[in-house]
Amino acid sequence: MTVEALVPVTPPLVKSRLRTKRKAAVELVLEDGTSLAGHMFVGPDERVLECLNDARPFLPFLQADGTMLIVAKLKIAACRPLD
């Protein structure tokens, strides 16, 4: 066996799986009354409302202090744009 046979090969990046997102500044109010200010990540031509209503049960949320949260959409009572 040659040395080349032991070198791991990484598959090429599949461009169709890469997504460009933009930050949307929002305030989320959770069902327990907790208020979170920060950014949601939405597609370049996507609105916040579309992101909240898509099939994914969770969304990544970047708080104003830099902390990343994964928020369950079912727990969101209200969302207010800050832009």
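Every value quoted in this text rests on a predicted model; they were computed, and no experiment measured them.
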Undergrad: For the side chain of Lys73 and the backbone of Asn53, is there at least one donor-acceptor N/O pair under 3.5 Å apart?
TA: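 Side chain of Lys73 to backbone of Asn53, a donor-acceptor pair under 3.5 Å: no, none is there.
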Undergrad: What residues form a salt bridge (charged side-chain N to carboxylate O under 4.0 Å, His left out) with Glu46, not counting sequence neighbours?
TA: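 Glu46 satisfies salt bridge (charged side-chain N to carboxylate O under 4.0 Å, His left out) with no other residue.
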Undergrad: Name all pairs fulfilling the salt bridge (charged side-chain N to carboxylate O under 4.0 Å, His left out) condition that reach into residues 63-72, sequence neighbours left out, sorted by first residue then second.
TA: none
Undergrad: State which residues pass salt bridge (charged side-chain N to carboxylate O under 4.0 Å, His left out) with Arg80; sequence neighbours excluded, sorted by chain then number.
TA: Glu27
Undergrad: If you look only at pairs with a residue in residues 30-39, which of them pass as a salt bridge (charged side-chain N to carboxylate O under 4.0 Å, His left out), with sequence neighbours excluded?
TA: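 Salt bridge (charged side-chain N to carboxylate O under 4.0 Å, His left out) check on residues 30-39 returns Glu31-Lys75.
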Undergrad: Tell me every residue that passes side chain to side chain contact (heavy atoms under 4.5 Å, CB included) with Leu52, counting only those two or more places apart in sequence or in another chain.
TA: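 Side chain to side chain contact (heavy atoms under 4.5 Å, CB included) check on Leu52 returns Met40, Val48, Leu59, Ile76, Cys79.
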Undergrad: Is there a continuous path of hydrophobic side-chain contacts, each under 4.5 Å between heavy atoms, that joins Phe41 to Val71?
TA: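 Unlinked, Phe41 and Val71 end up in two clusters.
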Undergrad: Could you list the cluster mates of Phe58? Members are the ILVMFWY residues connected by side-chain heavy atoms closer than 4.5 Å, either directly or through other members.
TA: Ile70
Undergrad: Looking at residues at least two apart in the chain, or sitting in another chain, which of them share a salt bridge (charged side-chain N to carboxylate O under 4.0 Å, His left out) with Lys21?
TA: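 Partners of Lys21 by the salt bridge (charged side-chain N to carboxylate O under 4.0 Å, His left out) criterion come out as none, since no residue qualifies.
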Undergrad: State, with a plain yes or no, whether a side-chain heavy atom of Leu36 is found less than 4.5 Å away from one of Val29.
TA: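 No, every pair of side-chain atoms sits at 4.5 Å or beyond.
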Undergrad: Restricting to non-hydrogen atoms, name the atom on Pro60 and the atom on Met68 that form the minimum distance, rounded to 0.1 Å.
TA: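 Answer, listing the atom of Pro60 first, then Met68: CB-SD, 4.1 Å.
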Undergrad: Would you please name every residue forming a side chain to side chain contact (heavy atoms under 4.5 Å, CB included) with Ala25, sequence neighbours left out?
TA: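 Side chain to side chain contact (heavy atoms under 4.5 Å, CB included) check on Ala25 returns His39, Leu82, Asp83.
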Undergrad: Sequence neighbours left out, what passes salt bridge (charged side-chain N to carboxylate O under 4.0 Å, His left out) with Lys23? Give chain and number order.
TA: none
Undergrad: Other than Leu49, which residues form its hydrophobic cluster under the rule that side-chain heavy atoms must be closer than 4.5 Å?
TA: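 Once heavy-atom contacts under 4.5 Å are chained together, Leu49 still belongs with nothing else.
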